[in-house]
Amino acid sequence: MCGIVGFTGRRAAEPILLAGLRRLEYRGYDSAGVATIDSESRLVVRKRAGRVAALEELLSQSPAAGECGISHTRWATHGPANDLNAHPHIGGAGRVAVAHNGVIENHAQLRDELTRLGYVFQSQTDTEVIAHLIAQELKKDLDLFSAVRAILPRLEGTYGLAVVAPCEPGVLIGARMGSPLVVGLGDGEHFLASDSSAIAPHTQSVAYLQDGEVVRLTADEFNLEHLERGSIVPRVDRIDWKPDDRELGGVPHYMLKEIYEQPNTVRDACRGRIRRGEATAQFGGLNLTAAKLRRVRRIVFAACGTSLHAAKIGEYLIERCARIPVEVEYAGEFRYSNAPLDDRTLVFVLSQSGETADTLGALREARRRGHPTLAIVNTVGSTIAREADGGIYLHAGTEIGVAGTKSFAAQVVVLSLLAIYLGRLRHMSFTAGLEAIDAIESAPEPLQKTLAIEPLVVAAAERIANSKSVLFLGRDVHHPVALEGALKLKEISYIHAEGYPASEMKHGPIALVDPETPCVVVAPRGPLHAKTMSNIEELKARRGVIVAVGTEGDRELERRADVFLPIPDVPEIIQPLVAVVPLQLLAYHVALLLGRDIDKPRNLAKSVTVE
Ligand code: AGP
């Protein structure tokens, strides 16, 4: 989603800002811009709709000189993606430039008020009011820090802000309320970013801003204040950064690279978490004793998108292994639903990015109601990771493709281990625990084998690429796998796709079935296999085209399917982990055939930081 990069120091800002924006590109955006203060204290602003490459092109013709500046990638909320709506926005005819992540909910009232004062708006954004409000304070001879501080209480909604002004060259202001912002500490220079990955090549010393904090940075100074509590000493953390984290290494897309990383993802998610001698799992950061966990009567998972589908798999596994009732809630709904939760309910949120606004909102709501909140998160140091009472990291490494793949695998592994851990605290036997652990630890091999069916998936993709709509079906734990397959396909190919329990078809969706609407059926061998086979017959009777993901050697399924995608015969607990791989590859190849922008699909963002 929107990204911010700021810099102040003693070297040219433009290349640092551009490189930072490039590192944030994977988050999804539709325009980009920079604003710098040049050596003659003039404000230089360059903005372009489209990719960072378009901005780069503009800067190659009209550079933005200066050693202090801000930059932004915008994901449109208020007003379409065009040059005028791109950030930074200018306040008071060149007095100040502002880049903003988040949404200002009272922008319409503020716009009216500023219009009455004579301000002329150039854009349709909510952000421009911030720029004019600051300009108005600067007219009162306030310094830039005080001017920003003065207007913040007037903003309703969420913001991560970066501000520069020609009246104070070399000064960079940041402010945070609900939208992440981090300061990078360099040698005689400072950075500001919405995501530490944007500045990680320059410094690994960072200070995360908290809500209500405002920062003033110059090349040598770092002053932090809380809007109510005044001056504070920043807490500096170190981030892990490996220079090769983001190399494609010859693979054409990050999504494909990340699909292929999944055998390793499983190993990394298991590392240090298995206690074979006790046939159970262990988690360092849960911060809840076994005695407390034994008392849990109900678990609620709140998440969005792919993380929600992983949570649904967790629901089946935990209910099966530990017999604890689990409910999975859309995070964006949970927050406002006022669902009854008793004091023995444990609330988990799941998020790859750790920054999803809906999921963060669910976490805060659960905490407000006095529940211990736990998070299953990939991004170390993210807001959700920092705000949860305890949690489990996925250790999946940076995921760049907007379509989540390896993070899903890591979530499913962590949830499987959690199911075993909770099960072993109750009635799961040593033998059953050990069998489940063995299955999870053995998963990299069948995953590797499944990746090798990619040529067959290409054939399936050719059957699907011209369809207007595709149905994804599965029973039991394969229903969330079907949901995930449908989400992957619609995200990156833009083909309409829906996931259903195979049993539900006859209650309505079967009306859609015809030779032009392929059905992808997830049907590995298992207790409900015969039922799914009957559902396939029902589809075939309506001339449905069947793409089946099934157990290798399942001749009966192979005979009934138009395209058969075999996966190895694996224990039930890891079937979802393996069965989702052909669906990820299917979405990838359909999108490839259609020439889509696979890693940066239209309208989507990697981390959705608005509600
Ligand atoms: C996944 O392919 C999607 N891009 C999206 O549904 C995503 O899973 C969702 O926005 C939640 O993100 P999170 O896991 O970072 O919270």
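Whatever order the structure lists ligands and atoms in, that order sets their numbers, starting from 1.
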Protein contact of [atom] - nearest heavy atom, named by residue and atom, plus distance:
atom: atom 9 (C) of ligand 1; result: Cys304 O, 3.7 Å
atom: atom 6 (O) of ligand 1; result: Gly305 CA, 3.2 Å
atom: atom 10 (O) of ligand 1; result: Val608 CG2, 3.9 Å

Quiz item: Under 6.0 Å between ring centres, would you say that holds for His309 and Phe408?
Solution: no
Quiz item: Do Lys606 and Ser353 come within less than 4.5 Å of each other through their side chains, counting heavy atoms only?
Solution: no
Quiz item: Below 4.5 Å, heavy atoms only, C-beta onward: do Val413 and Leu577 meet side chain to side chain?
Solution: yes
Side-chain donor-acceptor pair under 3.5 Å between [X] and [Y], yes or no?
X: Glu484; Y: Thr306; result: yes
X: Thr373; Y: Asp389; result: yes
X: Glu454; Y: His589; result: yes

Taking only heavy atoms of [X], which atoms of ligand 1 are found under 4.0 Å from at least one of them?
X: Ser353; value: 13 (P), 15 (O), 16 (O)
X: Ser351; value: 13 (P), 14 (O), 15 (O), 16 (O)
X: Thr356; value: 12 (O), 13 (P), 15 (O), 16 (O)
X: Thr306; value: 1 (C), 2 (O), 6 (O), 8 (O)
X: Ser307; value: 8 (O), 13 (P), 14 (O)
X: Lys488; value: 1 (C), 2 (O)
X: Ala403; value: 2 (O)

Exercise. Quick one: look at Glu491 and ligand 1, take heavy-atom pairs under 4.0 Å, and tell me if it's side chain, backbone, both or neither.
Key: side chain
Do [X] and ligand 1 have an N or O pair less than 3.5 Å apart?
X: Gln411; answer: no
X: Gln352; answer: yes
X: Gly404; answer: yes
X: Val402; answer: yes
X: Lys606; answer: no

Quiz item: In terms of side-chain geometry, is the basic nitrogen of Asp211 or Arg364 positioned less than 4.0 Å from the acidic oxygen of its partner?
Solution: yes
Quiz item: Distance under 6.0 Å and angle within 45° of the ring axis: does Arg602 meet both against Tyr494?
Solution: yes
Quiz prompt | Cation over ring face, Arg273 and Phe283, 6.0 Å, 45° | solution = no
Quiz item: Closest heavy-atom contact between Met255 and Thr405?
Solution: CE-CG2, 4.0 Å
